[in-house]
Structures are given as C-alpha cells and as structure tokens.
*Asks:* 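Please find one structure pasted underneath; my questions will follow.
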Amino acid sequence: MRIRIVDAFTDRPFAGNPAGVLLLDALPDGTWAFPDDRWLQRVATEVNHAETAFAHRLPEGGGADWALRWFTPATEVNLCGHATLATAHVLHSTGAHPGQVRFATRSGVLVATPEADGSLTLDFPTAPLTEVEVPDGVAETLGARPLAAFDTGPNVGDLLVVLDDEKTVHALAPDHRALGAHSARGIIATAEAEDPSRGYDFVSRCFFPNVGIAEDPVTGSAHTALAPYWSGRLGRPRLTGLQASPRSGRVGTELRGERTLLSGRAVTVIDGELHARPDQAVGSQSTLPASSA
C-alpha cells in the first residue's frame with residue numbers, strides 16, 4: 001500500500017503540520033473495510049506524526065464517498081483538520097477522487113472542496129463554546145494568566161484560553177505534563193494579532209498532552225473553536241489564523257453558524273510503500289458505516 005507524508009496548512013515542505021495518509025486497498029472479495037484497530041494504531045505510532053489518516057472508499061450512491069479515521073501515536077481522535085486536508089490533497093493530486101469529496105467520520109460527514117487557486121476548503125462543525133472559570137493551576141502551568149477560558153465541546157475537547165497579547169502566546173513555555181489535567185485533549189492558547197497587516201488576525205498555540213502531542217504544529221480542529229470566538233470579537237466572518245508553533249502555518253476560517261470553513265494548502269513530502277500489511281496483524285476486521293458520527 002502507498003503511504004504518504006503530507007505537510008498541511010502550508011504551501012512549502014517542512015512547514016505546517018505533517019500527517020501520514022494511507023489509502024487502504026480493497027479486501028480480496030472486493031469490499032472495503034478498516035483493518036483491525038490495533039494495526040491502525042501501530043502504523044500511526046510508527047509514522048509518529050501528530051495524526052495519521054486512514055481512508056477507504058465507500059459504495060456509490062451513499063451519503064459519503066470515503067470513510068476516514070485519524071490516529072495520533074497514542075490514540076484515535078474524533079476530529080482532525082490537518083489530516084483531513086492532507087487526505088483530500090492526496091485524493092485530488094493523485095486523481096483518486098477529483099473534485100469535492102465527502103468523508104464519513106466520527107464527527108459526521110465532512111466535505112473537502114478544491115479551489116481554483118490550489119487551496120482546499122474543509123466544511124467542519126463549529127465547536128460550541130461555553131465560557132468557564134479559569135481552572136486553578138492553568139496560569140502556573142502555562143506561565144501566563146488567561147483573560148478568559150472556554151470549553152470547546154466534545155468533538156474538540158480542549159480548553160481555549162485567551163491571553164493578553166501575541167507576544168505572550170509566542171513566549172509560552174508550559175509544563176506539558178501538568179496541562180493534561182485541565183481538559184480531555186489539551187489547551188488552545190490564543191490572542192489577537194499585534195499587526196493585522198502581516199496577513200493574520202489572531203495567533204494560537206496548541207498543547208495536547210492527553211493524546212501524546214506536546215505541541216501540535218497547526219491544528220484545523222482547534223480553529224473550529226477559534227473561528228467563532230474571534231469572529232464574534234472582531235465582527236467579521238472571514239479571518240486568518242496563524243498557529244505560532246516552530247513549524248508555523250496559516251488557516252483561513254469562515255464562520256457559517258453551526259459550520260466553519262477551514263482553508264489551506266498542502267504539500268506531499270514523502271511518497272512510499274508500506275510493507276507491513278494488515279494481514280500480518282491478529283484480529284478481525286472493523287468497519288465504519290457512512291452514517292457514523
């Protein structure tokens with residue numbers, strides 16, 4: 001099977017967020033299914049990027065075109081933007097699925113649309129924000145005192161914290177081990193851009209110790225929470241976010257009520273062959289129906 005490493009939310013190699021992408025072959029009887037979960041997890045652990053995406057075709061005429069799952073090196077996750085972008089990029093650039101593609105996922109059907117300028121737009125559910133008290137210990141753990149904090153709901157599973165300014169976000173040096181006590185996945189730290197003329201409206205950094213990721217380079221799912229917060233505060237539905245990790249990347253956002261559009265580019269960096277096939281793992285097949293959410 002072909003396996004690729006794709007840098008997402010960037011237009012050049014070695015930036016943005018790298019994801020593994022594996023398009024699964026059909027079974028010997030011509031049907032499609034995900035291999036045993038233990039094999040999927042082993043591949044993701046071997047790839048050792050923030051996420052590895054696994055996708056297989058679905059029968060024509062249904063509500064989605066491909067089934068899609070995402071695994072970190074430690075666990076399966078409910079939603080991942082950059083690995084979805086990377087998968088759509090592979091499908092589009094290789095001709096495996098030209099045009100718009102619908103993915104059946106744990107978070108419902110997600111749509112990826114190629115644009116004329118070479119970018120891709122993802123249609124994701126908007127994260128429901130609920131303001132909460134800043135938990136005890138967060139300021140000490142981050143090394144900065146938040147102005148406000150928000151729960152981002154079950155799909156994202158983070159604590160979103162708003163900081164004083166962009167410089168504070170850049171300077172964060174958190175205690176990664178202690179961060180895990182404050183949410184299901186981790187913490188999104190954000191602030192308004194110091195100078196919007198640089199081409200972005202807000203900055204963020206994302207720390208996800210509970211899924212084995214100390215700092216995620218560029219996080220599409222986090223922008224489904226960042227978009228409603230900053231669109232509400234800045235009064236514009238269309239914004240650009242800069243994720244200020246060492247690799248860095250930009251995510252275009254457009255708030256459309258219960259849906260958020262995420263836009264970006266992707267670059268294939270490695271295209272190789274996976275020799276450890278699913279039949280080398282012990283376990284039965286497991287499937288994900290197109291209607292799963």
*Asks:* Is there a side-chain hydrogen bond (donor to acceptor under 3.5 Å, both in side chains) between Thr168 and Asp165? Walk through the geometry before answering.
*Replies:* CA-CA 6 Å; Thr168 302; Asp165 52 37; 2.6 Å; yes
*Asks:* Measure across Ala112 and Phe103 and return the closest heavy-atom pair with its distance rounded to 0.1 Å.
*Replies:* CB-CE1, 4.1 Å
*Asks:* Out of the candidates Glu76, His82, Glu51, only one should pair with Trp70 under the side chain to side chain contact (heavy atoms under 4.5 Å, CB included) rule; please name it.
*Replies:* Glu51
*Asks:* For residues Tyr229 and Phe150, establish whether the separation of their ring centroids is below 6.0 Å.
*Replies:* yes
*Asks:* Count I, L, V, M, F, W, Y as connected when their side-chain heavy atoms are under 4.5 Å apart, and connections chain through other members. Are Phe208 and Val203 then in the same cluster?
*Replies:* no
*Asks:* Taking the side chain as everything from C-beta on, heavy atoms only, tell me whether Tyr200 gets closer than 4.5 Å to Glu166.
*Replies:* yes
*Asks:* Inspect the surroundings of CZ in Arg145 and state if more than 12 heavy atoms from other residues, nucleotides or ligands are less than 6.0 Å away.
*Replies:* no
*Asks:* For Leu242 and Ser248, work out which heavy atoms get closest and say how close.
*Replies:* CD1-OG, 3.3 Å
*Asks:* How long is the span from the CZ atom in Phe207 to the OG atom in Ser183, to the nearest 0.5 Å?
*Replies:* 12.0 Å
*Asks:* Nearest 0.5 Å, please: how far is CG in Leu163 from OG1 in Thr190?
*Replies:* 8.0 Å
*Asks:* Is it true that, when you exclude Glu258 itself, more than 12 heavy atoms of the residues, nucleotides or ligands shown sit nearer than 6.0 Å to its CD?
*Replies:* no
*Asks:* Say whether, by atom type as modelled, one donor and one acceptor occur between the side chain of Arg247 and the main chain of Ala15 under 3.5 angstrom.
*Replies:* yes
*Asks:* If you group Ile, Leu, Val, Met, Phe, Trp and Tyr by side-chain heavy-atom gaps below 4.5 Å, do Leu239 and Val169 land in one group?
*Replies:* no
*Asks:* Has Asp7 got a side-chain atom pairing as donor or acceptor with Pro13's backbone, closer than 3.5 angstrom?
*Replies:* no
*Asks:* Give a yes or no on whether Val218 and Leu172 share a hydrophobic cluster (residues Ile, Leu, Val, Met, Phe, Trp, Tyr; joining criterion: side-chain heavy atoms under 4.5 Å apart).
*Replies:* no
*Asks:* Taking atom types as modelled, is there a side-chain donor on Thr121 or Ser263 under 3.5 Å from an acceptor on the other?
*Replies:* yes
*Asks:* Could you check whether any side-chain heavy atom of Asp201 comes within less than 4.5 Å of a side-chain heavy atom of Leu234, counting everything from C-beta outward?
*Replies:* yes
*Asks:* Is the closest side-chain heavy-atom distance between Arg265 and Asp117 below 4.5 Å?
*Replies:* yes
*Asks:* Where do Thr152 and Ala225 come nearest, in terms of heavy atoms and distance?
*Replies:* CG2-CB, 3.7 Å
*Asks:* I'd like to know if Asp25 and Arg277 make a salt bridge, using a cut-off of under 4.0 Å between side-chain N and carboxylate O.
*Replies:* yes
*Asks:* When rounded to the nearest 0.5 angstrom, what is the spacing between CZ in Arg4 and CG in Leu274?
*Replies:* 12.0 Å
*Asks:* Which value, rounded to the nearest 0.5 Å, describes the distance between Leu122 atom CG and Leu261 atom CG?
*Replies:* 9.0 Å
*Asks:* Classify the ring geometry of His56 against Trp32: parallel below 30°, tilted from 30° to 60°, perpendicular beyond 60°.
*Replies:* parallel
*Asks:* On a heavy-atom basis, which atom in Gly186 and which in Pro209 lie closest, and how many Å separate them?
*Replies:* CA-CD, 4.2 Å
*Asks:* What's the shortest heavy-atom distance between Thr72 and Gln41, and which atoms?
*Replies:* O-NE2, 2.9 Å
*Asks:* Kindly confirm or rule out a cation-pi arrangement of Arg69 over Phe34, judged by NZ or CZ under 6.0 Å from the six-membered ring centre and within 45° of its axis?
*Replies:* yes
*Asks:* Could you tell me if the side chain of Arg12 sits less than 4.5 Å from the side chain of Val267, heavy atoms only?
*Replies:* no
*Asks:* For Val251 and Gln243: C-alpha separation, side-chain torsions, deciding distance, then whether side-chain contact (heavy atoms from CB on, under 4.5 Å) applies.
*Replies:* CA-CA 8 Å; Val251 182; Gln243 195 152 328; 5.6 Å; no
*Asks:* Is it the case that the side chain of Thr84 and the backbone of Cys80 share a donor-acceptor pair, with hydrogens and angles ignored and the cut-off at 3.5 Å?
*Replies:* yes
*Asks:* So, for Val134 and Ala149, which heavy atoms are closest and what is the spacing to 0.1 Å?
*Replies:* CG2-CB, 3.9 Å
*Asks:* In plain terms, say whether Arg205 and Asp216 are close enough for a salt bridge, that is, a side-chain N and a carboxylate O under 4.0 Å apart.
*Replies:* no
*Asks:* Could you go through the side-chain contact (heavy atoms from CB on, under 4.5 Å) check for Phe124 and Thr224 one step at a time?
*Replies:* CA-CA 7 Å; Phe124 270 37; Thr224 67; 3.8 Å; yes
*Asks:* So do the side chains of Lys167 and Glu194 get within less than 4.5 Å of each other, counting heavy atoms only?
*Replies:* yes
*Asks:* Evaluate the side-chain proximity of Phe54 to Val43: yes if any heavy-atom separation is below 4.5 Å, no if none is.
*Replies:* yes
*Asks:* Roughly how far, to the nearest 0.5 Å, is the SG atom of Cys206 from the CG atom of Leu226?
*Replies:* 6.5 Å
*Asks:* Using a 3.5 Å distance criterion without hydrogens, assess whether the side chain of Asp36 forms a donor-acceptor pair with backbone atoms of Arg38.
*Replies:* yes
*Asks:* Other residues, nucleotides and ligands only: do more than 12 of their heavy atoms fall within 6.0 Å of CZ on Arg238?
*Replies:* no
*Asks:* I need the single residue from Leu179, Thr219, Leu159, Thr75 that forms a side chain to side chain contact (heavy atoms under 4.5 Å, CB included) with Arg185. Which is it?
*Replies:* Thr219
*Asks:* For the hydrophobic clusters of this structure (ILVMFWY residues joined by side-chain heavy atoms under 4.5 Å, transitively), does one cluster hold both Val132 and Val138?
*Replies:* yes
*Asks:* For Glu115 and Leu120: C-alpha separation, side-chain torsions, deciding distance, then whether side-chain contact (heavy atoms from CB on, under 4.5 Å) applies.
*Replies:* CA-CA 6 Å; Glu115 306 293 349; Leu120 290 154; over 6 Å; no
*Asks:* Do the side chain of Thr141 and the main chain of Gly137 share a donor and acceptor less than 3.5 angstrom apart?
*Replies:* yes
*Asks:* Establish, from distance only, whether the side-chain atoms of Thr126 and Thr260 form a donor-acceptor pair under 3.5 Å.
*Replies:* yes
*Asks:* When you measure from the side chain of Asn78 to the backbone N and O of Ser107, does any donor-acceptor pair fall under 3.5 Å?
*Replies:* no
*Asks:* For Glu140, is the CD atom crowded, meaning more than 12 foreign heavy atoms sit under 6.0 Å from it?
*Replies:* yes
*Asks:* Pro18 versus Val269: any side-chain heavy-atom pair under 4.5 Å?
*Replies:* no
*Asks:* Could you check whether Arg2 pairs with Asp271 (Lys NZ or Arg NE/NH1/NH2 to Asp/Glu carboxylate O, under 4.0 Å)?
*Replies:* yes
*Asks:* For the residue pair Val101 and Thr87, establish whether any side-chain heavy-atom pair is separated by less than 4.5 Å.
*Replies:* no
*Asks:* Evaluate side-chain contact (heavy atoms from CB on, under 4.5 Å) for Ile187 paired with Val161, printing each intermediate quantity in order.
*Replies:* CA-CA 7 Å; Ile187 287 183; Val161 297; 3.9 Å; yes
*Asks:* Within the side chain of Ser221, is there an N or O that forms a donor-acceptor pair under 3.5 Å with the backbone of Val156?
*Replies:* no
*Asks:* Could you state whether Ile3 and Leu24 fall into the same hydrophobic cluster, counting links through intermediate Ile, Leu, Val, Met, Phe, Trp or Tyr residues with side-chain heavy atoms under 4.5 angstrom apart?
*Replies:* yes
*Asks:* Just how far is it from atom NE2 of His176 to atom CD of Glu215, taken to the nearest 0.5 Å?
*Replies:* 6.5 Å
*Asks:* Is it the case that over 12 heavy atoms from other parts of the model lie below 6.0 angstrom from the CG atom of Asp195?
*Replies:* yes
